[in-house]
Amino acid sequence: MDNLVEQVVKRKKNGKYYMNVFLIIFATIAIPGLLFALGFIYQAYFVYISIFVFLFCVYGAWFFITSLKIEYEYSSLGGTFRVDKIIAKRNRKKVLKFDLKIVDEIFHYTDEEMAKRKFNKVFSVGAQEYSEDNCVIVFQSEAKGKCAVVFTPNEKMLNGIRPYLKHDVIRAFYK
């Protein structure tokens, strides 16, 4: 019987997130404000246009700010590991899917460990971009070459993928 193990990880807010929110709010105020000021200088209809542009910018700001809220869902079923990206709880995209039998190694993330290795593609799907809580799965893909998946698993997820990994991979990770 196959075990289904799922985990949802919310991406933590960092300085880049807050800078994007600030720029979106600034643009929401600045663009209609500029049109409003042009209404007093040139033509009065710019004032009416600025009201509609302001309403459009408020909706756009809400849409873009909520789109910055990203979650990742890890799921393991029958030896297949899948990662989906959930954007603002309204849009789901498949990031990657692979068989756990092709995993070459798994290790805890450190800058030194990552510097030792070369990867063609790195998927960063953890709670933070690069943190000590993250683990890295390395596998060989036919299309992308040597790939690394940086993710933030809990113990339940690690125990769910453990039966499908090669024995030497498990021994190296749990030594």
Linking I/L/V/M/F/W/Y whenever their side-chain heavy atoms sit closer than 4.5 Å, directly or via other members, would [X] and [Y] fall into one cluster?
X	Y	result
V95	F81	yes
V5	F98	yes
F26	I65	no
I70	L96	yes
V21	F63	yes

Taking it one step at a time, do V125 and K85 satisfy side-chain contact (heavy atoms from CB on, under 4.5 Å)? CA-CA 8 Å; V125 293; K85 182 179 185 179; over 6 Å; no
Run the side-chain contact (heavy atoms from CB on, under 4.5 Å) check on D133 and Y109 step by step: do they pass? CA-CA 7 Å; D133 298 333; Y109 178 87; over 6 Å; no
Side chains of [X] and [Y] in contact at under 4.5 Å (non-hydrogen atoms):
X	Y	answer
K94	V83	no
F119	C147	no
V149	V136	no
T152	C135	no
F139	K144	no
V58	T28	yes
K13	Y18	yes

Where at least one partner belongs to residues 46-71, residue pairs that pass side-chain hydrogen bond (donor to acceptor under 3.5 Å, both in side chains), sequence neighbours excluded: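 Only T66-R90, S67-R90 qualify under side-chain hydrogen bond (donor to acceptor under 3.5 Å, both in side chains).
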Taking all atoms of both residues into account, what is the closest heavy-atom pair of M157 and S76, and its distance?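 So the minimum-distance heavy-atom pair works out to SD-CB, 4.3 Å.
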Give me the atom names and distance for the closest heavy-atom approach of I86 to E73. CD1-CB, 4.1 Å
Would you confirm whether D99, through its side chain, and I102, through its main-chain N or O, come within 3.5 Å as a donor-acceptor pair?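 Here the side-chain-to-backbone pair does not exist.
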Do we see a donor-acceptor contact under 3.5 Å between the side chains of R11 and Y72? yes
Rounded to the nearest 0.5 Å, what separates atom [atom1] in [X] from atom [atom2] in [Y]?
X	Y	atom1	atom2	result
I106	F173	CD1	CZ	4.5 Å
R162	N3	CZ	CG	14.0 Å
E155	Q7	CD	CD	10.5 Å
L35	C57	CG	SG	8.5 Å
I31	L34	CD1	CG	8.5 Å
T110	N134	OG1	CG	11.0 Å

Residues, nucleotides or ligands: over 12 heavy atoms within 6.0 Å of F64 CZ: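 Count not over threshold, so no.
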Should the pair F40 and F36 be assigned to parallel (<30°), tilted (30 to 60°) or perpendicular (>60°) ring geometry? perpendicular
What orientation do Y74 and F151 show, parallel under 30°, tilted 30 to 60°, or perpendicular over 60°?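 Geometry flag for F151 against Y74: perpendicular rings.
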Summary of salt bridge (charged side-chain N to carboxylate O under 4.0 Å, His left out) pairs that have at least one residue in residues 108-128, sequence neighbours excluded: E105-R117, E113-K116, E113-R117
Just do the side-chain contact (heavy atoms from CB on, under 4.5 Å) check on L158 and K156 with the steps written out, would you? CA-CA 6 Å; L158 287 175; K156 186 177 178 184; over 6 Å; no
Passes side-chain contact (heavy atoms from CB on, under 4.5 Å), K101 versus V103? Steps please. CA-CA 6 Å; K101 293 177 180 128; V103 171; over 6 Å; no
What I want to find out is whether D84 reaches R92 closely enough, with some N-O distance under 4.0 Å, to be called a salt bridge. yes
